[in-house]
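Below is one structure, written out as C-alpha cells; the observations come after it.
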Amino acid sequence: MPRRRLAVIPHFTDHAANERTYLAWVRTAIAVMAFGFLLERFNLFLAYAIPANVRADHALHVKASEWLGLALIGLGAAMTLLATIRYQRNRKRIADTAEHDYGGCTPERVLSALVVVMALFLVGYVAHQIVALT
C-alpha cells in the first residue's frame with residue numbers, strides 16, 4: 001500500500017514562531033489587565049480598612065491608583081489589539097514570496113514607555129505610602 005504524503009505548510013516554522021510571539025503578547029496583556037484589576041480592587045479594600053480620620057489624606061492617592069488600575073486594563077486591551085494586528089501583518093508577510101523590510105517597532109516602544117511611566121507612578125505611590133505610615 002503506498003504511503004500517503006502529508007501536506008506541508010510552507011514556512012511552517014516561521015508561522016509557528018509568529019503564533020508563539022502572538023500568544024506571548026496576549027499572555028502579557030492578560031497579566032497587565034489582571035494587575036490593573038488587582039490594583040483597583042486593593043484600593044477598594046484600603047478605602048474600607050483605613051480609619052475615617054486618615055481616609056481624607058489618602059483620598060487623592062486612592063483615586064490616582066484607581067485611575068492607574070483602569071489605565072492598566074486599557075493598556076492590556078490595547079496590547080491585545082496591537083498584537084493581533086502585528087500577528088496578521090506578519091502572517092501575510094511570511095506567506096508572501098516578496099522580500100519585506102523588518103519594521104513596526106513603534107507600537108512596542110509606545111507600550112513599553114507606558115509601562116515604564118506606570119511603573120514610576122507605582123514606585124512613587126508605594127514610596128509615599130511607606131513615608132506616610134512611618
Side-chain angles (χ1 to χ4, degrees):
M1 181 169 230
R3 213 170 166 195
R4 189 174 146 200
R5 184 179 166 137
L6 298 174
V8 177
I9 300 171
H11 307 287
F12 174 76
T13 56
D14 295 331
H15 284 291
N18 186 34
E19 190 170 337
R20 284 190 303 272
T21 302
Y22 173 66
L23 293 174
W25 273 102
V26 170
R27 283 191 305 271
T28 303
I30 291 169
V32 168
M33 287 187 284
F35 181 65
F37 182 78
L38 177 70
L39 183 66
E40 201 278 326
R41 290 293 122 192
F42 182 68
N43 280 321
L44 182 65
F45 167 75
L46 285 180
Y48 289 109
I50 296 174
N53 60 344
V54 181
R55 197 175 297 157
D57 296 337
H58 293 284
L60 177 64
H61 297 286
V62 168
K63 197 53 95 175
S65 59
E66 286 175 354
W67 280 104
L68 180 63
L70 183 62
L72 285 170
I73 293 169
L75 178 65
M79 287 173 72
T80 303
L81 177 66
L82 291 173
T84 303
I85 292 168
R86 178 185 170 149
Y87 169 76
Q88 291 297 334
R89 183 196 68 212
N90 288 342
R91 185 171 176 239
K92 288 177 185 175
R93 285 184 174 180
I94 291 169
D96 191 7
T97 56
E99 290 188 17
H100 298 279
D101 290 336
Y102 182 79
C105 293
T106 303
E108 292 86 351
R109 289 178 182 160
V110 169
L111 290 173
S112 297
L114 286 173
V115 170
V116 169
V117 167
M118 290 182 191
L120 291 174
F121 174 82
L122 281 173
V123 167
Y125 176 75
V126 171
H128 184 282
Q129 294 298 324
I130 291 171
V131 171
L133 293 175
T134 57

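These numbers were taken from a predicted model, which means no experiment stands behind them.
- Contact record, Phe35 with Leu72: CD2-CD1, 3.4 Å, taken as the closest heavy-atom pair.
- Heavy-atom minimum distance, Arg91 versus His15: O-CE1, 3.7 Å.
- Within the model, atoms OH of Tyr87 and CG of Leu23 stand 8.0 Å from one another, a figure rounded to the nearest 0.5 Å.
- If you take OH on Tyr22 and OG1 on Thr80, they are separated by 7.0 Å, rounding to the nearest 0.5 Å.
- In plain terms, the two heavy atoms of Met33 and Gly76 that are nearest each other are CG-CA, 3.5 Å.
- For the atom pair CG (Leu68) and CG (Leu75), the distance works out to 10.0 Å, reported to the nearest 0.5 Å.
- Between the CG atom of Asp96 and the NE2 atom of His11 there is a distance of 9.5 Å, given to the nearest 0.5 Å.
- Of the possible donor and acceptor atoms, none in the side chain of Asp14 sits under 3.5 Å from a partner among the backbone N and O of Ile94.
- To the nearest 0.5 Å, atom OG1 of residue Thr84 and atom CZ of residue Arg89 are 12.5 Å apart.
- Here the straight-line distance linking atom CZ of Arg86 with atom CZ of Arg93 works out to 10.0 Å at 0.5 Å rounding.
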